[in-house]
Amino acid sequence: MTELRNTYDVAVVGAGPAGLAAATVCARSGLSTVLFDEQPAPGGQIYRAVTSTPLKRDTILGTDYWAGAELTQNFLTSGADYVPGATVWNLTREREIGVSVAGSARILTAERVILATGALERPFPISGWTLPGVMTAGAGQILLKSSGLVPDGRTVIAGCGPLLWLIAWQYLNAGARIDAILETAGTDRAAGWRHAPALAISPYLLKGLRRMLAVRRRVRVVANIVELRAEGRDCVEAVAYRTARGTEQRLLVDNLFLHQGVVPNVNLAMASRIEHRWDDMQLCFSPVLDADGGSTIAGIAIAGDGAGIAGAEAAQARGELAGLAAVRALRPNAPPLAETDAVRTRLARFARGRAFLDAYYKPAVQFRRPARDTLVCRCEEVTAGQILDTVALGCTGPNQMKAFLRCGMGPCQGRECGLTVTELIAQARGVSPQEVGYYRLRPPVKPITLGELASLPKNEAALRSVARG
Amino acid sequence: MFRRLPDTNAGTVDVTIDGRSARVRAGDTVAAALISAGVLASRVADVSRAPRAPYCMMGVCFECLVTVDGVSNRQGCLVAVKPGMRIDTQHGKREVER
Amino acid sequence: MSAPDVIVIGGGLHGSSTALHLARRGARAIVIEKDHVGCHASGVNAGGVRRLGRHLAEVPLAVAAMELWHRIGDLVDDDCGFESHGQVKVAESEAEFAALRARVDELTHLGFTHEELIDRATLKQIVPAISEHCVGAIVCRVDGAANPYRTTLAFKRKAETLGVRFIEGAAVTGLARNGGAWRVETGAAHYEAGVVVNCAGAWADRIAATLGEPVPLEPIAPMLMITAPLPPFIKPVVGAAGRPLSFKQFHNGTVLIGGGHRGRLDRDINRTELDFAGLAVSARTVWDLFPVMRAAQIVRCWAGIEARMPDDIPVIGPSTTSEGVFHAFGFSAHGFALGPIVGAIVAELVTGGKTNLPIAPFRIDRFAGRPDT
């Protein structure tokens, strides 16, 4: 990392469509720009391995995927510094960035920071979800894209959401076997259809519909799953379910994929003290932002799914808006690379239909607030029952709970349990998730080794900041 | 259980997994390589010692923690395999480096 | 509830301990806490319980406290997670070792024998993982550590069983004489009592200023880090003679690293900010002293809000301006261990007008004449 500067005009975190677009705009406008990304190659999740996928047949992944290739190329030729394999573990109000690459750590600064850390899968806590062989649908997609691996043996996909149908379609294209799709019903189908007219003019509709129908023609789909359980001893051996009508069945499986939508990856933004609020449509916390993605901390913007789930094309548009705003702020006299209004129009087009998807695929409450004996915190093995019991003892939120339980104190920093915990506490107390709040996240947002921390360049001020005792 | 699609282009890389030699695909992450080698569990849970395996494959879940070349608690899904790499699954509280 | 005899301002460990000891002596007390009990320094410190290495003025208090700690269950019906595997302060050079020897001599001279000078071989026996370059240490073999939040809550719960009322989420907005009593305002309510005890931690200077006895209190944010679980490799709590360090491993294998490097804070909004450059210095200290820790993973860092006095010892004792007011604050990042005894001291002062422990060095007016008072 020695060739990195100590300070940049713009630092972008995340090499998905939003980050790539933002960094490209900034670099091409003449700003000194650096893009940090954790993965070894650009593309984020949606365009993962677009520069390196082993899949030769592009009919497996679909044409949307290959749009990422152009985006990535534009970035790689933009003049921005690109740091793959980089973990950003801290971001301060003063825009100091703590980052580690290959075992050594640095702190550098930027005039503007654009966070594009994207989304992660909504937690899907069911009994047995920690068994080896149970994975997210996204994990299956990553193995397909990056490694050309498909599930072998008996395979079931369970959950809801457009990405579930996408991975099923991609698996079928690849010749993988899917024994059943278990559709977990949301409660707001009617609300979904209220938004249908907007969906009708959305680019998502036809494509998504065609894929779902293609899958339904070839795979057994069981609808209205209300109970779901993974069973097995050292790995998953079966999945048991019950439908709304009372039908119960137990399917033997070798692989179980779970998916109930994606939510913003908030850990870095929250640790930076950017204000977030509960979004009752998307059932998650998302940042409070202005029209250019500017957050409640001056100089720090958020673009992409991290700003609110809206898909890859919306993410790219948001990235461009954030980049254009940074250019306006730092080079006010420079001619803009694109007209902001045109980008906003594009963004609006891609945001259409989102309300329909949010309502139609709303994850069912029993899969967001699981039964007492279900593990909620995977890292520290805390059950829903234990969480509810501490509320009964007087705990009002996830942070007070830390005095009694280690829930949320493991390495994933609440990424797999935070939303579940907030919703459980909200339900037990009879208040809104907004009132309950979320874990108080603190840096490092990913673990760093003592060696990495010790390797930070020495600093006079630190040597003075010592208290005896 | 996973299988490789037939026409995925790749060179191979020789590594060791828990001391045994293994030939894995160049360009795979450690987590993907373990899955393709049929290793069911990358680690055990801290409290219950129940077996755990990669769940998200994108650096979020921390279930894929393995020891790579003697350094423990590496997220296998974020590390690419390299020739001669020593990969060890983690079945106890991590040894401090000796 | 009939009017209290004593209003304690501040629901940290010292406030809770004071209320408990008062209740044990039959005084009716209420505790007014602006946030929630134990949420600041009391609840998030390193939990060290030591006599080792104390400022000489604190030694008698620490010795008395240690006796309480070893029977803490008798006092609060909870073992508070207290364990005693010793505290060790290592010398990294001959010069540091000589200074430690001089200290032990001085303590012996004063009648204290709890600190023991040990050589390199003995140090290696007690702390096998310590770096080879350490030449020796001082040790208190039955010092230890406890769980700070659990301890503070235990004091609160026990005090409540004896009738103490804790009012949380209530910041003191006014403190003044009202006839023969003190009147404490909290915005939503007011309370009156003959006695007030100022245990307001990093905000205690404001209470003191209201009483016409300003003190040069400095709010600080000492930083801590905790690692992912490691196999057990160390039992005592370890510090270093020449640089700040507090190093301990819990039962679950996680290792807590403290040492007093400070972050930034704004005490008006309860906000602390970590300073990673300072944490890097802590990391290098651990790197030097415990080579086996070099690949350990730091999973979380935090900083609490604490009060420091310029001479690094607290303020304990009666107000010099106001009859019926007592102070116990400013513990300068090492007050946790003293919690159980300071409450007893204050209760003795309140109910009997005196205490057997020597508290003259902690008088609030020792700062008078300082330029920053």
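Chain A is the first sequence line, chain B the second, and so forth, proteins listed ahead of strands; every chain is numbered from 1.
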### Query
chain A heavy atoms under 4.5 Å from C:Ile257: which part of the residue, side chain, backbone, both or neither?
side chain
### Positions in residues 423-437 of chain A that reach chain C, provided some heavy atom is under 4.5 Å away
none
### When C:Arg271, C:Glu273, C:His36 are compared by non-hydrogen pairs under 4.5 Å with chain A, the top option
C:Arg271
### Query
Measuring heavy-atom distances to chain C, does A:Glu380 have an atom under 4.5 Å in its side chain, in its backbone, in both, or in neither?
neither
### Task
Mind ranking A:Met409, A:Arg440, A:Arg273 by heavy-atom pairs under 4.5 Å with chain C and telling me who comes out on top?
A:Arg273
### Query
If you count heavy-atom pairs under 4.5 Å between each of A:Glu96, A:Arg406, A:Glu452 and chain C, which one has the most?
A:Arg406
### Query
Between A:Pro447 and C:Gln297, which heavy-atom pair has the shortest distance, and what is it?
CB-OE1, 3.6 Å
### Message
Quick one: does any side-chain atom of C:Arg284 pair with a main-chain N or O of A:Leu456 as donor and acceptor, under 3.5 Å?
### Response
yes
### Task
Indicate the atoms forming the closest heavy-atom contact of C:Ala280 with A:Leu453, along with that distance.
CB-O, 3.3 Å
## Note on the structure
Ranking A:Leu441, A:Thr449, A:Leu450 by heavy-atom pairs under 4.5 Å to chain C gives rank one to A:Leu450
### Query
Going through the distances and angles, do C:Ile298 and A:Trp89 end up as a side-chain contact (heavy atoms from CB on, under 4.5 Å)?
CA-CA 11 Å; C:Ile298 310 294; A:Trp89 41 264; over 6 Å; no
### All pairs passing ring-ring contact (aromatic ring centres under 6.0 Å, His included) where residues 410-446 of chain A contributes a residue, at least two apart
A:Phe285-A:Tyr438
### Query
Rounded to the nearest 0.5 Å, how far apart are CD of A:Glu94 and CZ of C:Arg264?
5.0 Å
### Query
What pair of heavy atoms forms the shortest contact from C:Ala283 to A:Ala454, and how long is it?
CB-N, 3.7 Å
### Task
Please flag which part of C:Leu245 lies under 4.5 Å from any non-hydrogen atom of chain A: side chain, backbone, both or neither.
neither
### Query
Would you call C:Cys301 and A:Pro443 a side-chain contact if the rule is heavy atoms closer than 4.5 Å?
no
### Greatest number of heavy atom pairs closer than 4.5 Å to chain C - which of A:Val445, A:Asn90, A:Thr92, A:Ile448
A:Ile448
### Message
Counting only non-hydrogen atoms closer than 4.5 Å, does C:Arg150 touch chain A with its backbone (N, CA, C, O), its side chain (CB onward), both, or neither?
### Response
neither
### Message
Tell me which of these, C:Trp302, C:Phe276, C:Tyr149, has more heavy-atom pairs under 4.5 Å with chain A than the rest.
### Response
C:Phe276
